Every structure is written in structure tokens, then in C-alpha cells.
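For reference, the structure is listed below as C-alpha cells.
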Amino acid sequence: METEVTTEHDDSNARLTEQVVASFASTPDARLRTLMQSLVRHLHAFVRETEPTEAEWMSAIRFLTETGKMCDDVVRQEFILLSDTLGVSMLVDAINHRFATGSTDTTVFGPFYIKGMPERAYGENMAFTPGSPVVVRGQVRSTDGTPIANAVLDVWQTAENGMYSGQDIEQPHGNLRGRYRTDAEGRYAITTILPVSYPIPTDGPVGKMLDATGRHPWRPAHLHFMIDAPGHRTLVTHLFDKDDKYLESDAVFGVKPSLMVSYRERPADDELARRFNLRGPYREANYDFVLDRS
Ligand code: BEZ
Ligand code: FE
């Protein structure tokens with residue numbers, strides 16, 4: 001008898017799912033139709049598998065409501081943070097860059113990019129807060145090896161306190177951000193400070209989720225890049241410090257071995273130091289970026 005009741009119950013659940021799927025059958029946009037029908041099937045399967053109580057489902061809805069309320073138009077994007085910490089951002093990245101073309105690997109965009117940051121000269125220092133000085137330089141090329149002149153490298157990183165300008169109101173406008181342009185040989189040079197590992201924001205619902213599940217919020221030290229060049233696909237990536245202790249456990253799963261650099265010590269007052277106005281010993285990392293043609 002019990003088996004029969006369960007079967008009846010299962011049948012009516014399955015009918016409900018198919019009814020909802022069918023309600024999207026005349027969506028004019030075929031892609032939207034596929035997305036909505038697939039979403040309903042997967043969401044219903046999740047609910048069937050986990051059997052949430054009504055209180056649990058309400059708390060899931062509250063979590064998403066809080067996530068939305070935490071977002072602003074400038075630097076706080078809690079939904080990006082949620083997508084990142086659930087590994088979905090890196091899954092979308094992997095699917096959209098699944099064919100090896102010889103271009104530089106991509107990684108998460110993250111929620112802290114700010115548009116319209118200052119244009120900076122070759123080798124200009126973008127750090128107005130203290131830190132250990134570094135020069136990062138290299139070349140931007142096409143997949144066929146041609147150097148790309150006039151590519152724009154939009155760069156951002158945190159200060160030594162682990163916060164981005166814009167996020168931390170104490171930092172001067174444009175601190176540790178800037179747009180660098182490649183020269184006629186496709187070369188770029190950035191003077192900055194050594195990036196540090198830092199925790200992603202934990203004062204919102206994503207922080208609560210990490211805490212409740214025993215996960216840490218740390219990201220390994222990195223520099224962000226968004227590189228644009230005419231006739232090429234925009235490249236969104238990071239350069240990670242290869243000595244960082246969080247490389248194996250990045251809170252947002254963004255590390256790829258091809259994106260690691262070493263910061264080698266350079267003597268004080270050598271030619272590069274004089275050229276870029278660096279006082280005292282400093283470090284240098286080198287990296288060449290390769291862009292796909294669009
Ligand atoms: C970041 O590196 O800025 C970042 C990426 C994903 C989530 C949070 C921060
Ligand atoms: Fe970052």
C-alpha cells in the first residue's frame with residue numbers, strides 16, 4: 001500500500017515538472033526556451049533529491065534575497081562572488097575557452113573591476129600606498145606571434161591591506177589600478193607593489209556560506225588583467241605569485257599553472273631601476289600575453 005502511495009506521489013511530481021517545462025514551450029526565443037526548460041528540470045531534480053523542508057526552502061530564498069541586497073553599482077557584486085565560490089564562474093570560463101588555440105589562459109573576472117581608470121605611461125608606478133616594489137613587464141602578441149602595438153592592459157590589484165581601491169575608501173582614487181598601452185613592439189611595463197594574498201569579502205551571505213561549510217575565504221596573491229586590442233578577443237586573466245601558499249586552495253578555484261610568475265630579486269640602482277625611478281632593491285616578473293584574433 002505504501003509503495004502505491006509513493007508511486008502515485010512520484011507520478012504527480014513528475015507531472016508537475018513536465019507541466020512547468022511545457023509552460024515554456026512557446027517561448028519565441030529558442031535559446032531562452034532551452035535555458036528555462038533545462039533550469040526547471042535541474043531545479044526540480046535538486047529539490048526531489050534533497051527534499052528540503054519548507055523552512056529550509058524559505059532560508060534558501062532569504063539567502064538569495066540577502067545576496068541581491070548586498071550588491072551595489074560600484075564594487076560590491078555578491079552574486080558574482082557566489083558564482084565564483086561555487087565554481088560556476090570557472091566552469092563557464094572552461095566551457096567558453098575549451099579549445100586550445102595557443103592564447104593565454106583565462107580566469108575569473110571577479111567583482112572589483114572599475115571602468116575608466118587612469119591611462120598610465122610605459123613603466124609608470126600605479127601604487128600610491130606602501131609595499132615591496134616590483135616591475136612586471138613583457139610583450140602582448142597574436143597567436144601567430146605578431147607583436148600587438150597599442151593593446152590596452154587594464155590592471156588592478158589590492159593594496160597591502162588586502163583591499164581594492166573603491167572597496168576601501170581610505171585609498172586614493174585609482175590606487176593600484178591603471179590602463180597601460182603597449183609600445184610599437186607590443187611591450188608593456190608596470191611598476192607596482194608585490195601583490196598579497198587576501199580574503200574575499202566575508203561580511204555578506206557568501207561569507208556566511210563559507211563559514212557554515214568550513215571553507216576559507218583566501219585567494220592567492222595576483223594581479224588582474226583585462227587586455228583589449230583591435231581585431232582580437234578580450235583577454236581576462238590574472239598573474240599569480242608562484243610562491244603563494246593558497247595556490248592549491250583558491251576560494252574561487254581560479255588558479256591555472258600557466259598563469260604563475262616568479263618575482264626575482266633585482267639589484268638596487270640597475271638600469272631598469274634608474275629608468276623607472278625605483279629606489280632600493282626591487283623585484284621583477286616577466287610575462288608575455290597571447291591574444292586570439294576575433
Ligand atoms: C578577485 O580576485 O578580485 C576576486 C575574484 C573572485 C571573487 C572575489 C574576488
Ligand atoms: Fe583579486
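We count ligands from 1, going down the list as the structure has it; atoms in each ligand are counted the same way. For clarity, every value in this text was computed on a predicted model and none was experimentally measured.
- Within the 4.0 Å heavy-atom cutoff, F253 does not count among the residues contacting ligand 1.
- Using modelled atom types, no side-chain atom of S165 and backbone atom of P172 make a donor-acceptor pair closer than 3.5 Å.
- Of the protein's non-hydrogen atoms, P111 CD, 3.6 Å is the one closest to atom 4 (C) of ligand 1.
- Exactly one residue among R177, H224, Q157, Q171 makes a side chain to side chain donor-acceptor pair (under 3.5 Å) with Y164. That residue is H224.
- Ligand-side atoms of ligand 1 in range of H224: 1 (C), 2 (O), 3 (O), range being under 4.0 angstrom from any heavy atom.
- Of all the heavy atoms of Y164, the ones lying under 4.0 Å from any atom of ligand 1 belong exclusively to the side chain.
- The backbone N or O of W218 lies less than 3.5 Å from a partner atom in the side chain of H216, making a donor-acceptor pair.
- Y198 contributes OH and H222 contributes NE2; the angle these two atoms make at the Fe ion (ligand 2) is 100°, rounded to 10°.
- The Fe ion (ligand 2) lies under 2.8 Å from an N, O or S atom belonging to Y164.
- The aromatic rings of F225 and F289 lie tilted to each other, with the angle between the two planes from 30° to 60°.
- Ion pair R275/D270 not flagged as a salt bridge, since none of the NZ, NE, NH1 or NH2 atoms sits closer than 4.0 Å to an Asp/Glu carboxylate oxygen.
- Surrounding CZ of R274 are more than 12 heavy atoms belonging to other residues, nucleotides or ligands, all under 6.0 Å away.
- The protein heavy-atom contact nearest to atom 7 (C) of ligand 1 is D84 OD2, 3.1 Å.
- For atom 8 (C) of ligand 1, the closest non-hydrogen atom of the protein is L81 CD1, 3.2 Å.
- Put simply, no part of W156 is less than 4.0 Å from ligand 1, judged by heavy atoms.
- Residue side and main chain included, Q157 places no N/O/S atom under 2.8 Å of the Fe ion (ligand 2).
- Scanning the protein for heavy atoms near atom 1 (C) of ligand 1, the closest one is Y198 OH, 2.8 Å.
- The Fe ion (ligand 2) lies under 2.8 Å from an N, O or S atom belonging to H224.
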Passes side-chain contact (heavy atoms from CB on, under 4.5 Å), M163 versus T158? Steps please. CA-CA 5 Å; M163 305 251 275; T158 69; 5.6 Å; no

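- The closest donor-acceptor contact from the side chain of T85 to the backbone of L81 lies under 3.5 Å.
- Of the possible polar contacts, none joining the H222 side chain to the V255 backbone as a donor-acceptor pair under 3.5 Å is found.
- The proximity of T85 to ligand 1, defined as any non-hydrogen pair under 4.0 Å, does not occur for either the backbone or the side chain.
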